[in-house]
Each structure stands twice: as C-alpha cells, then as structure tokens.
Amino acid sequence: MQKNGKKFFITTPIYYVNDVPHIGHAYTTIAADVVARYKKLEGYEVFFLTGTDEHGQKVHQAAKDLGVSAQEQVDKLNCRFKELWVRFNICNDDFIRTTEERHKVIVRDILQQLFDKGEIYKASYEGWYCTPDERFWTEKDLVNGNCPECGRKVEKIHESNYFFKMGQYQDWLIEHIKNNEKFIQPASRKNEVLGFLSKPLEDLCISRPKDRLPWGISLPFDDNYVTYVWFDALINYISTFGTLDKIRACGFWPTDHHLVGKDILTTHAVYWSTMLKSMGLPLPKNIFAHGWWTVNGQKMSKSLRNVVEPNFLIDQFGVDTIRYFLLREVPFGLDGDFSHKALIGRRNSDLANNLGNLLNRTTNMIQKYFEGTIPDPARLPVGRKTNLLLARL
C-alpha cells in the first residue's frame, strides 16, 4: 500500500524469445523483484516491468526453418519466460511484448516524430554485419576479422538504410555521465562507457530493408523497411505507459533503475540515452550493469551446452533456495561462477544450518516461555528476566 506518495519504477531488460531462459535471465529478474518488494515495504507505489523482445532476424530464420509464421513462433516462445517468472514468484506489474499493438503504436509514433524533426535520414551504408547479434560493425571494430561481441563470422553488406543522428549527442552524453555519479553503476561500467565515447560516436542505423528482413515494425515513413531491433526493443521501457504525453504525466518516468547485464550496457547507456534526449524525455536515474554467471569460467551458451536451466534447479532445490543463492553468492555487479556444489554448500551452511538453527531455537523459546504465542515486544516488562530471555533468543 502506498504510504508516502512516492513512486518507484524498476525494469529488467526484455529477454530475446529465441534464447532459452537461463540462470542469467533469472538473476536479473530476481534482483529486480527483491528491490521492488523492498520498496513496497517502504510504502512506495512500485511499477516493475519485464517482458520479451520478439522481432529480429534470428526469430524470422527460426520460424522459417520450422515452417511456421514468425508470430506463431514468438507466441509459443514468450510463454517460457512468463511461466518461469510465475514459478519464481516474480511480482512484475507488466509484461511487455514487442509484438503487441500498444508497443508498435508508440514505436511508430516516435519514429515519425524524430523523422519529422530531421533526426532520422536515409543514406547508403557499407559495413560488416553479424547476424547472431543483428548488428553492423566497422572494419576497425572487428577482432581477427570476426564480431567483437560474439566472435563469430560477419558478412559484408552494402545497402541503403535509415540512420538516427546519434553522433551529435556525444559531447552532451559524456558531460551527463561525468556530472551524474549514479547514472551508470558500478563505477567500472561507467569508465567502460566513457572509454567507448572517447572514440567518435557514429550515427545509428535504425532500419533493415524488408527484402532482407520482413519481420519487424514497419517504418511509418517508408514501408519498404522495418525498425532495427534495438530501436524497437529499448522503447519498451516507455511504451508500457502509452503516448509520450502519458509517459510524461504518469509519474513513474524517469525510471529509478534499469537492471541490465554488462553485455548490453552500451546499447542502454549510449543508444537509449541519445534516443531519449532526441525525444525530449529525461534520462533514467540509474543504469546498473551486473556481471555474468559463468560455468567453469565460461559464458553460458547453447553451443557449449553449459546453459543452467532454472526450471530444473527449481525442481531439484526449490524456489527460495535458488533466489537466495543467486543474490547471496556473488557481490551484485561482479561475475560469478555457478556450480551445483556451491549451491548445495550455500543451502546447507546458510539456510539449513544457520537460518534453520535460528528458527528452531526461536520457536522453542516461544513455546517454552510464552506458551506458543509470539509476544508483543511493546508489552514485555522491562527487567533482567526479559533481557535474559531476549539474549537467549
């Protein structure tokens, strides 16, 4: 119940439906859930948003391989995340899907407004394209000729596309980051973004021609193109509230915390920030980029077959054990290495032994000294006997 009239908004990233839900997805969502619950206890009116990112080339290709429509594919896959959050007792207030009409309407409205303002233009482009990451790279970005993010092969593409004038906001963004200490956390991530911005910031390609990628939100000013997945996906953080006027009036924006994995920090700190600046909306109060969960020191991936499946963990250990372990094992913000041995050790040491022993002693003392009824501390007599009882507890 709201007590102090204050509002609090927290988000997770929207998860890509083509990914199998893994422990990293659960980590971010559980962390956001814990913060949301705490702020509710403090009396805030809380809005907690999560959802799924459902456009892009990988979804289109997967649906094509299965012989189904892309919409059928995402309708099936998004449920994996919804059902997992129910199992983890996640208290989200909304679940946004980028294929919902409410989302597509605001994306098209924003694109049209920015185009009318001259913030979006058309130009020919040649670059190296990574299909798994759905991202263009310049020659200098490549590492040994491969994608600098995932390490996989890229292909040379030459085509006409639409671009957002992101580069014009470089100096402004650098000053904003330097002048707002809590905008990007931890500090190491802030320095990482400033390092990225020390090089010339190029304009952002925000479209894909439909003859190459038909699955996406059509540009309102050119039906031959769809919106690039990031310019679509990032808008989920505000599309939940409706039009730009409704966003400004809702009382929740700017968000208090965007919780993200460190691999998508640049898109949030740079792409999203410049997009908001162009829209005339204030920037998030905080973007917190936490670390990865690895397995034997390696990042989880389907190709390595080392993905930790949360549903199996719940079946084996229960929801509360998994929630506790993920937030207790590693300082929030750092990388952590997952193992069943560490999980079992934490459950036995912290939960079964320490917490279990405390609970057992407490219930026994209540039964012995208060006849099984938990006393009201305010009504306990002040004296040596009471102090001794409390000391024993």
Side-chain angles (χ1 to χ4, degrees), residues 7-19 21 24-33 35-36 45-56 58-59 70-111 134 206 215-218 226-261 264 267-268 271-273 275-276 279 281 283-288:
K7 296 186 177 184
F8 182 86
F9 182 28
I10 189 167
T11 74
T12 73
I14 51 173
Y15 304 113
Y16 198 46
V17 288
N18 238 39
D19 292 336
H25 299 125
Y27 183 50
T28 314
T29 311
I30 291 169
D33 184 67
V35 175
E45 182 183 352
V46 174
F47 196 90
F48 171 17
L49 177 68
T50 188
T52 44
D53 179 8
E54 302 186 3
H55 289 124
K58 286 185 284 186
V59 168
Q71 188 64 56
E72 288 177 297
Q73 176 77 343
V74 297
D75 287 344
K76 177 182 178 181
L77 296 181
N78 89 87
C79 293
R80 298 185 303 189
F81 288 92
K82 282 186 173 180
E83 291 165 358
L84 182 60
W85 303 153
V86 170
R87 292 200 73 188
F88 267 122
N89 297 326
I90 303 299
C91 66
N92 56 292
D93 297 282
D94 198 359
F95 187 101
I96 198 88
R97 297 179 59 190
T98 57
T99 53
E100 293 178 272
E101 191 60 28
R102 61 172 175 155
H103 175 75
K104 291 189 284 187
V105 166
I106 186 64
V107 170
R108 286 192 291 261
D109 285 349
I110 289 171
L111 284 165
E134 302 191 31
I206 64 160
W215 179 238
I217 300 174
S218 297
V226 297
T227 311
Y228 170 49
V229 66
W230 278 110
F231 207 91
D232 160 13
L234 289 164
I235 293 173
N236 93 88
Y237 297 127
I238 56 177
S239 63
T240 184
F241 300 114
T243 65
L244 287 177
D245 287 340
K246 288 182 179 179
I247 294 160
R248 293 185 181 99
C250 70
F252 283 105
W253 190 263
T255 182
D256 292 271
H257 297 289
H258 283 322
L259 296 189
V260 300
I264 54 174
T267 51
H268 283 76
Y271 296 7
W272 182 224
S273 296
M275 287 166 62
L276 288 166
M279 292 176 215
L281 290 176
L283 270 58
K285 297 175 186 176
N286 172 252
I287 301 170
F288 195 103

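The two residues Y237 and H258 come nearest to each other via the heavy atoms CG-CE1, 3.4 Å. Across all non-hydrogen atoms, the minimal contact from T29 to T12 is CA-CG2, 3.9 Å. G242 and I247 get closest at one heavy-atom pair: O-CD1, 3.5 Å. Residues A70 and W215 share a closest heavy-atom pair of CB-CD2, 3.4 Å. Nearest heavy atom pair, residue H103 against residue I235, reads CE1-C, 3.9 Å. Nearest heavy atom pair, residue I14 against residue A233, reads CD1-O, 3.5 Å.
Side-chain contact between L244 and D109 is absent, with no heavy atoms from C-beta onward closer than 4.5 Å. Using a 4.5 Å cut-off on side-chain heavy atoms (C-beta onward), F47 and T240 make contact. With a 4.5 Å cut-off on side-chain heavy atoms, V59 and V74 count as touching. Taking the side chain as every heavy atom from C-beta outward, I30 and I90 approach each other to under 4.5 Å. Contact check for T50 versus F81: no side-chain heavy atoms found under the 4.5 Å cut-off. T99 places none of its side-chain heavy atoms less than 4.5 Å from the side chain of K104. Proximity of V107 to F231: side-chain heavy atoms (C-beta onward) are nowhere separated by under 4.5 Å. A heavy-atom distance below 4.5 Å is not found between the side chains of T255 and L49.
If you take CD on E101 and CZ on R108, they are separated by 5.0 Å, rounding to the nearest 0.5 Å. Note: D256 CG to K285 NZ = 4.0 Å, rounded to the nearest 0.5 Å. D53 contributes atom CG, which lies 10.0 Å from atom CG of N18 (distance to the nearest 0.5 angstrom). Annotation: the span from L111 atom CG to I106 atom CD1 amounts to 10.0 Å, rounded to 0.5 Å. To the nearest 0.5 Å, the span separating CG on N236 from CD on E100 amounts to 10.5 Å. Annotation: the span from E54 atom CD to Q73 atom CD amounts to 10.5 Å, rounded to 0.5 Å.
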One pair to check against side-chain contact (heavy atoms from CB on, under 4.5 Å): I238 and L281. What are the steps and the verdict?
CA-CA 10 Å; I238 56 177; L281 290 176; 3.9 Å; yes
Give the intermediate values and the outcome of side-chain contact (heavy atoms from CB on, under 4.5 Å) for residues R97 and D75.
CA-CA 10 Å; R97 297 179 59 190; D75 287 344; 2.7 Å; yes
Could you give me the CA-CA distance, side-chain angles and deciding distance for L234 and M275, then say whether side-chain contact (heavy atoms from CB on, under 4.5 Å) is met?
CA-CA 9 Å; L234 289 164; M275 287 166 62; 4.0 Å; yes
May I have the step-by-step check of side-chain contact (heavy atoms from CB on, under 4.5 Å) for I96 and R102, ending in yes or no?
CA-CA 9 Å; I96 198 88; R102 61 172 175 155; 3.4 Å; yes
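Taking a cutoff of 4.0 Å between a charged side-chain nitrogen and a carboxylate oxygen, R80 and D19 do not qualify as a salt bridge.
In terms of modelled atom types and a separation under 3.5 Å, the side chain of Y228 and the main chain of G56 share no donor-acceptor contact. For D33 (side chain) and C91 (main-chain N/O), a donor-acceptor pair under 3.5 Å exists by modelled atom type. At least one donor-acceptor pair under 3.5 Å links the side chain of D93 to the backbone N or O of F48. Side chain of T227 to backbone of I217: a donor-acceptor contact under 3.5 angstrom is found.
The aromatic rings of W253 and W272 sit perpendicular, their planes meeting at an angle over 60°, well past the 30° parallel limit.
Taking the centre of each ring, F9 and F241 come in below the 6.0 Å mark.
A cation-pi arrangement, defined by a distance under 6.0 Å to the six-membered ring centre and an angle within 45 degrees of its axis, is present between K82 and F95.
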